[in-house]
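All remarks here apply to the structure that follows.
As a basis for the values below, the full set of heavy atoms in this structure was taken, side chains included, without hydrogen atoms, waters or symmetry mates. One-based numbering, in listed order, for ligands and for the atoms of each.
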Amino acid sequence: MEVTPVFADVDTGVDDALALMYLLAGADVVGIASTGGNVAVQQVCANNLGLLELCGAPGIPVSRGADQPLSCPLRTGEKTHGSRGLGYAELPPSNRRLTDYDSAAAWVRAAHSYPGTLVGVATGPLTNLALALRAEPDLPRLLRRLVIMGGAYDYRGNTTPVAEFNISADPEAAAEVFAGWAATAGGDEPHVIVCGLDLTQKVAMTPELLAELAATANSATTILSPHDERGTRSAAPNPLIRVIEDAMRFYFEAHDDRGHGYLAHLHDPLAAAVALDPGLVTARPATVDVELAGTLTRGMTVVDWSGRWGRKPNALIGIDVDPAVFFDRFITQVGVLARRLGSPNVH
Ligand code: RIB
Ligand code: CA
């Protein structure tokens with residue numbers, strides 16, 4: 001079976017971590033860029049290195065990105081992801097080291113190493129992707145596909161009334177990325193697929209689905225409940241399931257506090273699944289741009305479905321997904337990884 005080379009740009013928080021697990025289980029992850037977002041960039045780096053250690057991954061190069069967005073201060077998301085980005089989860093210590101080049105350079109190096117075959121997936125602010133595009137304007141042609149978790153298309157925001165977190169954290173970077181991909185939108189269909197909140201909020205992890213994941217990993221567990229004492233730690237014997245449950249418990253609590261219920265939207269794992277199989281979602285071409293100057297609307301992704309701007313479509317907007325199909329893939333792929341890590345002969 002063809003194993004897709006993937007470069008992941010993440011602001012590792014809870015859902016980014018699950019997306020990385022999915023990619024480690026089903027793709028050839030050739031590099032990881034750390035971007036400040038859910039937590040500051042140095043914590044994202046530590047989370048990425050610790051996660052690779054936990055998953056027994058090979059020596060995948062992890063790079064450190066810019067300390068700040070292009071032109072505004074970083075506003076992080078500890079209330080949703082926890083002080084270190086992974087809820088209540090603890091990662092194992094690791095001797096792994098960061099690359100001596102930054103994340104923008106890492107994007108360019110990976111694209112040149114896998115010309116025309118590399119799939120990029122960005123699940124955090126687009127700061128480092130924009131810096132990479134400045135360094136290598138041909139990046140859109142070098143990548144086979146780019147999938148972005150970001151934006152909200154004809155849909156409410158989760159950071160301002162109209163803006164989604166990844167775009168809102170660095171609107172200038174997002175605008176440069178969408179413009180950069182537009183510049184290469186030649187005759188063929190645009191090859192950046194965006195997964196906005198309108199799509200990703202259709203895939204909600206629940207305690208029952210989390211228990212299915214543990215079962216797939218052959219790990220005992222108890223079903224998490226909103227009636228549990230906050231911060232209760234997982235007793236699952238499987239190391240990966242334990243980390244996932246401790247991270248997800250905080251994420252469930254954060255969603256519950258915002259009125260979503262005791263569940264958690266798997267924004268980034270869906271983007272990762274689309275990176276490996278774009279056919280997982282229904283998508284429509286449109287022209288996307290980002291509001292930079294609006295006093296009420298800064299960071300909003302504005303989508304022109306009907307060519308009113310007279311500009312070629314620069315993105316495929318994901319508009320629908322069958323949650324059952326996604327969760328079947330996610331639970332199978334990550335569950336098998338967890339089972340392998342939990343078996344006694346893995347060292
Ligand atoms: O708005 C959701 C996105 O913002 C996800 O990628 C989450 O990890 C945060 O980065
Ligand atoms: Ca993210």
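- Between Y262 and F252, the ring planes are tilted. Angles from 30° to 60° get that label.
- The closest side-chain donor-acceptor pair between D154 and W305 falls under 3.5 angstrom.
- With respect to R329 and D277, a salt bridge is recorded, a charged nitrogen being found less than 4.0 Å from a carboxylate O.
- Classification of D257 and R230 as a salt-bridged pair holds, one side-chain N sitting under 4.0 Å from a carboxylate O.
- Classification of the H255-H260 ring pair by plane angle, with boundaries at 30° and 60°, yields tilted.
- Under 4.0 Å is where a charged nitrogen must lie from a carboxylate oxygen, and between K79 and E253 no such pair does.
- Contact annotation: for N158 versus ligand 1, heavy atoms closer than 4.0 Å belong to the side chain alone.
- Taking only nitrogen or oxygen atoms, main chain and side chain alike, N38 reaches within less than 3.5 Å of ligand 1.
- Looking at S103, its side chain never comes within 3.5 Å of a backbone N or O of A33 through a donor-acceptor pair.
- Grouping Ile, Leu, Val, Met, Phe, Trp and Tyr residues whose side-chain heavy atoms lie under 4.5 Å apart, directly or via other members, leaves L263 alone, with no other cluster members.
- Annotation for ligand 1: atoms under 4.0 Å from non-hydrogen atoms of H267 are 2 (C).
- Here the protein heavy atom with the shortest distance to atom 6 (O) of ligand 1 is D268 OD1, 2.6 Å.
- F250 and Y88 have perpendicular rings, their planes meeting at more than 60° on a 0 to 90° scale where under 30° would count as parallel.
- Under 4.0 Å from ligand 1, the heavy atoms of D16 that appear belong solely to its side chain.
- Close contacts of ligand 1 with E164, meaning ligand atoms under 4.0 Å from a residue heavy atom, involve 1 (O), 2 (C), 3 (C), 4 (O).
- The shortest separation from a heavy atom of H265 to ligand 1 is not under 4.0 Å, leaving the residue out of contact.
- A donor-acceptor pair shorter than 3.5 Å can be found between the side chains of H112 and E136.
- Taking distances strictly below 3.0 Å, the protein N/O/S atoms close to the Ca ion (ligand 2) are D11 OD1, D16 OD1, D16 OD2, T123 O, D268 OD2.
- Checked by atom type, the side-chain pair R258/T80 shows a donor-acceptor distance below 3.5 Å.
- Within ligand 1, counting atoms from 1 as listed, the ones closer than 4.0 Å to a heavy atom of N166 are 3 (C), 4 (O), 5 (C), 6 (O), 9 (C), 10 (O).
- Near M149, with a cut-off below 4.0 Å to any heavy atom, the atoms of ligand 1 are 2 (C), 3 (C), 5 (C), 6 (O).
- Among the candidates V194, T287, V192, the single residue satisfying the side chain to side chain contact (heavy atoms under 4.5 Å, CB included) test with N314 is T287.
- Each of the following atoms of ligand 1 lies closer than 4.0 Å to a heavy atom of T123: 6 (O), 10 (O).
- Each of the atoms 5 (C), 6 (O), 7 (C), 8 (O) of ligand 1 lies under 4.0 Å from some heavy atom of D15.
- Using a 4.0 Å cut-off between heavy atoms, T80 makes no contact with ligand 1 at all.
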